[in-house]
Amino acid sequence: VADLLTLVCRAQEKAGQQLGSFVVLSGGNHSSLGEQLDPSEPPPTPDFCRGYFDVMGQWDPPFNCSSGEFIFCCGTCGFRFCCKFKKTRLDQSTCTNYETPLWMNTGKPPSRIDDPLHDPTRDKTNLIVYIICGVVAVMVLVGIFTKLGLEKAHRPQREHMS
């Protein structure tokens, strides 16, 4: 928004022209809120905002602050942006969010079947399930046949009459 306002003001920089609720004056010295530029000093070089992990754990890539007057890296360690005032510059050396946050390290994800590191001979969980289910099925069958055998043995004998 500030860039857009600056461009509009420069494009219509005629003395005393009214721009919405702003009055544009020409011939200003473009000083930055009391910051005086020493003519003997070279102009400041644009800052480089380092890449960082924000508060949500999202990696924000590095960027250069070289857009017009916005040449200083400002903000906080968790939210950075370019600004034009040197006194609000962020000291990036004090920030510690350049590595993956500890709360994001939840462990190694399980290996996939088509993963070359996956060794099916080491995966014994399916074998154990098959063995348990097989033993249960055999016990059920033995119980059924035992009950049928006992019922047949306890039935009264029928005589065959011709």
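When reading the values below, keep in mind they use all heavy atoms of this one structure, side chains included, and skip hydrogens, waters and symmetry mates.
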(message) Between Glu151 and Lys147, does the salt bridge (charged side-chain N to carboxylate O under 4.0 Å, His left out) criterion hold? Intermediate values first, please.
(response) CA-CA 6 Å; Glu151 283 181 2; Lys147 181 171 167 84; 3.4 Å; yes
(request) Run the numbers on Cys95 and Arg50 for side chain to side chain contact (heavy atoms under 4.5 Å, CB included), then give the verdict. (result) CA-CA 10 Å; Cys95 297; Arg50 294 173 57 183; over 6 Å; no
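Rounding to the nearest 0.5 Å gives a distance of 10.0 Å between CD of Gln58 and OH of Tyr52. Here the CD1 atom belonging to Ile128 is positioned 12.5 Å from the OH atom belonging to Tyr130, to the nearest 0.5 angstrom. Note that CZ of Phe79 is 12.0 Å distant from CG of Leu90, once rounded to the nearest 0.5 Å.
Heavy-atom minimum distance, Phe85 versus Cys74: O-SG, 4.2 Å. Nearest heavy-atom pair across Thr94 and Asp91 is OG1-O, 2.8 Å.
When the SG-SG distance for Cys73 and Cys49 is compared with the 2.5 Å cut-off, it comes out below that value. In this structure, Cys82 and Cys65 have their SG atoms less than 2.5 Å from one another.
A search for ring-ring contact (aromatic ring centres under 6.0 Å, His included) contacts involving Phe63 returns nothing, not counting sequence neighbours. Judged as a ring-ring contact (aromatic ring centres under 6.0 Å, His included), and not counting sequence neighbours, Phe48 has no contacts. Qualifying ring-ring contact (aromatic ring centres under 6.0 Å, His included) partners for Phe53, counting only residues two or more places apart in sequence or in other chains: Trp59.
With Thr146 as the fixed residue, the side-chain contact (heavy atoms from CB on, under 4.5 Å) test singles out one of Leu148, Val142, Ile144: Val142.
A donor-acceptor pair is defined here as one N or O able to donate and one able to accept, closer than 3.5 Å; no such pair exists between the side chain of Asp54 and the backbone of Asp60.
Counting heavy atoms from C-beta outward, Pro46 and Asn64 have side chains that stay 4.5 Å or more apart.
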